[in-house]
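Structure first, then comments.
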Amino acid sequence: MRTRVVALLTTLLTSGCIPASPGQQPAHFDEDLGEESLSIEAVAEGFDAEDGWLVSPVSAAHADGVRRVTAFVELLDEGELGLEARAVHADGSTGPWTVLRTSWVEGVMRVALADVEPGRGGQLRVREADLARLSVLRWSATSPDEGELDADGEGDLGLSRDALLSTLRPLGIVERTAWRARATRCTSRDGARTRMAIHHTSSPSTGDVAARVRGFQAYHMDSRGWCDVGYHFLVGADGTIYEGRPLELVGAHVGGHNTGNVGIALVGCFEPRNCSPESRWGSAAPSDAMIASTQRLVAQLAAHYGITPSATNLRGHREHSGQSTDCPGINVLHRIAEIRSGAATPAPTPTPTPTPTPSAGRSCTHSFGAVYASTACSAGYQCCDGTWRTRTSGCGACACVEESGRVGCTPGAPAPVEPVPAGGLHAGLTLRGSEIPRAGLANTTLERALGVAVEPYGTVVTVGGAPWVRGRVSHFGGPSDTGVTATETGAITGERLRELNDPERPSSATLRARPEDYYYVAMRWAYSPNGRTFWRDARLLVQNPATGARVVVRPVDWGPHTRTRRIIDLSPQAVRDLGVVTDAEVDVAFAAPGTPLGPVGP
């Protein structure tokens with residue numbers, strides 16, 4: 001056993017805020033967030049090497065004892081990771097090592113847990129050989145409280161009792177249904193808002209923030225059986241705001257100070273001594289966009305609840321009494337006065353000046369590059385007669401689904417791409433009048449579902465003389481996808497999505513026998529002109545443009561949401577065979593009807 005280089009790394013905070021002094025446990029632990037985020041450097045220095053494993057220090061004993069050890073992990077690849085946990089008893093004896101089982105996984109992020117025999121503390125160990133693949137490790141030893149299920153909320157996708165405040169909608173907040181939140185189980189309402197607390201998540205600020213928010217929620221709910229993610233809002237480095245725990249419910253972010261307190265977390269690590277290098281975790285200083293969005297959010301909340309931002313009612317986590325934490329990090333703490341001053345008077349909603357003067361019947365160009373028909377809606381704007389206009393209330397017949405709009409007009413949608421002649425495996429982008437979804441195409445199904453008349457993403461590229469639609473990818477389905485419920489079915493085929501791709505790592509014989517269970521996809525299909533039956537029988541060819549790897553898949557569901565900025569969700573097996581990761585780019589086209597499912601040659 002080697003000598004530890006750093007002091008005991010106790011597990012304290014689910015807000016991601018790291019304790020100021022090792023060994024100190026924050027007051028009111030039951031009400032506070034209870035995890036810490038460890039970089040690869042901290043794991044290397046703080047864990048002991050024993051027989052091929054890196055073993056953590058013993059966690060701080062919880063008042064109710066320890067019955068569960070949970071880890072939130074971010075890797076540098078999507079492979080498996082060896083994690084085990086055990087209980088530590090008051091007399092120093094230990095229980096057996098137990099393998100952590102995965103409760104949530106998305107790309108390189110996962111939440112895993114193990115129920116251990118009751119003890120006064122807990123330990124975690126990770127295979128030493130996996131250290132180089134590790135980016136973030138956050139873990140806790142707890143006594144989970146499953147809490148009370150809402151009678152009207154179980155099984156609903158991120159529903160809250162009250163809608164997001166209308167005064168907040170111009171901020172373009174990504175609401176719970178958009179980032180695919182789990183249903184809240186919280187029951188304690190908190191109507192009187194008198195103060196706000198600023199946090200950081202002590203995590204990377206780079207990558208897919210929506211996926212990381214899903215991970216935070218999974219970790220908070222799985223580690224201690226909490227009713228929801230602890231924060232009310234989370235802010236990404238690009239300034240995008242995510243709705244966390246419904247605002248009308250008591251949060252769990254500052255021990256002993258949660259009543260009347262709105263929790264706002266900035267996604268990133270802003271205490272430099274606790275952060276991994278910028279190349280892996282992003283900047284240790286909050287971006288100007290992040291601070292500006294936080295200012296606007298605080299301003300709107302202050303105006304709605306009648307709060308005058310001051311050093312008394314707008315504080316960093318560590319500035320509340322009884323706290324032992326570095327949160328929200330020194331680099332955010334230095335800017336809280338700026339947040340207060342910028343929020344003193346709510347900024348007016350900007351009014352764009354149309355240039356050139358639009359003509360009736362034209363369509364609007366969105367800041368993401370898509371073309372929108374008149375009446376399409378953005379978070380703060382609506383496309384009317386060919387130009388984005390500021391919204392002050394509703395959105396007409398449109399739902400708000402995008403983050404921002406910009407002034408600009410275009411004569412119309414781009415011309416359709418001509419299909420390639422049939423006869424080979426690649427069957428083009430148009431088949432019997434149905435289209436592979438791509439930027440610029442009108443989509444009545446998308447408009448009915450999300451209020452967006454024109455598909456915003458998917459660039460047409462030519463590879464090998466044939467057209468493809470290129471865009472970002474994620475994966476879905478299978479027993480580990482807790483983003484869908486156990487009974488949720490695909491919109492195209494009606495199959496239960498969690499029962500596909502099971503077992504998760506099939507044998508070659510299983511793949512040959514049941515390829516339809518392992519090679520499937522979701523895109524934002526236009527059901528017109530051929531209906532769902534066409535898509536149920538369709539075959540798609542998907543390739544990794546970096547390697548040329550290809551798979552043939554079948555449609556089973558509709559999605560992903562446009563807020564993800566992705567064009568396609570692929571089954572975990574298809575993702576694995578292509579060798580891609582979340583938000584990598586893939587190329588999509590029709591495959592010839594009747595093509596067998598699975599990997600194919602170039």
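- For Arg214, the salt bridge (charged side-chain N to carboxylate O under 4.0 Å, His left out) partners two or more places apart in sequence, or in a different chain, are Glu106.
- Thr493 places a side-chain heavy atom less than 4.5 Å from the side chain of Arg554.
- Rounded to the nearest 0.5 angstrom, Tyr457 OH and Arg524 CZ are separated by 7.5 Å.
- The distance from the CH2 atom of Trp104 to the CG atom of Asp222 is 10.0 Å, given to the nearest 0.5 Å.
- One distance of note links CG of Leu425 with CZ of Arg550; it measures 6.5 Å at 0.5 Å rounding.
- Heavy atoms only, all atoms of each residue included: Arg245 and Gly230 are closest at NH2-CA, 3.9 Å.
- Residues Trp179 and Leu234 fail the side-chain proximity criterion, which asks for heavy atoms closer than 4.5 Å.
- Taking 4.0 Å as the cut-off between side-chain N and carboxylate O, Asp481 and Arg180 count as a salt-bridged pair.
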Does the side-chain contact (heavy atoms from CB on, under 4.5 Å) test come out yes or no for Arg110 and Leu100, once each step is laid out? CA-CA 11 Å; Arg110 69 191 62 199; Leu100 272 67; over 6 Å; no
Can you check side chain to side chain donor-acceptor pair (under 3.5 Å) on Asp577 and Gln573, steps first, answer last? CA-CA 6 Å; Asp577 287 350; Gln573 185 65 40; 3.1 Å; yes
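- Annotation: side chain of Val521 is not in contact with side chain of Val542 (no heavy-atom distance under 4.5 Å).
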Residues Arg176, Gln217; criterion side-chain contact (heavy atoms from CB on, under 4.5 Å); working and verdict: CA-CA 11 Å; Arg176 290 172 62 88; Gln217 187 192 40; 3.6 Å; yes
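- Residues Val136 and Pro204 meet the side-chain proximity criterion, which asks for heavy atoms closer than 4.5 Å.
- Taking every heavy atom of both residues into account, Arg212 and Met109 meet most closely at N-CE, 3.6 Å.
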Could you go through the side-chain contact (heavy atoms from CB on, under 4.5 Å) check for Arg185 and Met221 one step at a time? CA-CA 9 Å; Arg185 298 198 301 260; Met221 296 179 78; 3.5 Å; yes
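- Remark: Arg101 engages Asp115 in a salt bridge, criterion side-chain N to carboxylate O under 4.0 Å.
- Side-chain contact between Tyr527 and Ile492: present, with at least one pair of heavy atoms (C-beta onward) separated by less than 4.5 Å.
- When all heavy atoms are compared, the tightest approach of Pro555 to Trp525 is CB-CZ2, 3.5 Å.
- Taking the side chain as every heavy atom from C-beta outward, Tyr520 and Leu597 never approach each other to under 4.5 Å.
- Aromatic ring pairs are classed by plane angle as parallel below 30°, tilted from 30° to 60° and perpendicular above 60°; the pair Phe534 and Phe590 is perpendicular.
- Smallest separation of non-hydrogen atoms from Ala574 and Val553: CB-CG1, 4.2 Å.
- With rounding to the nearest 0.5 angstrom, the OG atom of Ser293 is 4.5 Å from the CD1 atom of Ile241.
- Going from atom CG of Leu171 over to atom OG1 of Thr240 covers 11.5 Å, rounded to the nearest 0.5 Å.
- Heavy atoms only, all atoms of each residue included: Thr70 and Tyr219 are closest at O-OH, 3.7 Å.
- In this structure, Asp130 contributes its side chain and Gly82 its backbone to a donor-acceptor pair below 3.5 Å.
- Of the candidates Thr487, Val556, Thr489, Val556 is the only one forming a side-chain contact (heavy atoms from CB on, under 4.5 Å) with Leu497.
- Side-chain contact between Asp517 and Thr510 is absent, with no heavy-atom pair separated by less than 4.5 Å.
- A donor-acceptor contact shorter than 3.5 Å is absent between the side chain of Asp569 and the backbone of Ala522.
- Side-chain contact between Leu249 and Asp228 is absent, with no heavy atoms from C-beta onward closer than 4.5 Å.
- Remark: the backbone N or O of Leu570 is not paired with any side-chain donor or acceptor of His475 at under 3.5 angstrom.
- Taking all atoms of both residues into account, the shortest heavy-atom contact from Ala439 to Pro456 is CB-O, 3.7 Å.
- For the atom pair CD1 of Ile436 and CG of Leu431, the computed distance is 8.5 Å after rounding to the nearest 0.5 Å.
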Report the C-alpha separation of Leu446 and Trp558 in whole Å, then their side-chain angles, then the decisive distance to 0.1 Å, and conclude whether the side-chain contact (heavy atoms from CB on, under 4.5 Å) test is met. CA-CA 10 Å; Leu446 175 63; Trp558 193 96; 3.7 Å; yes
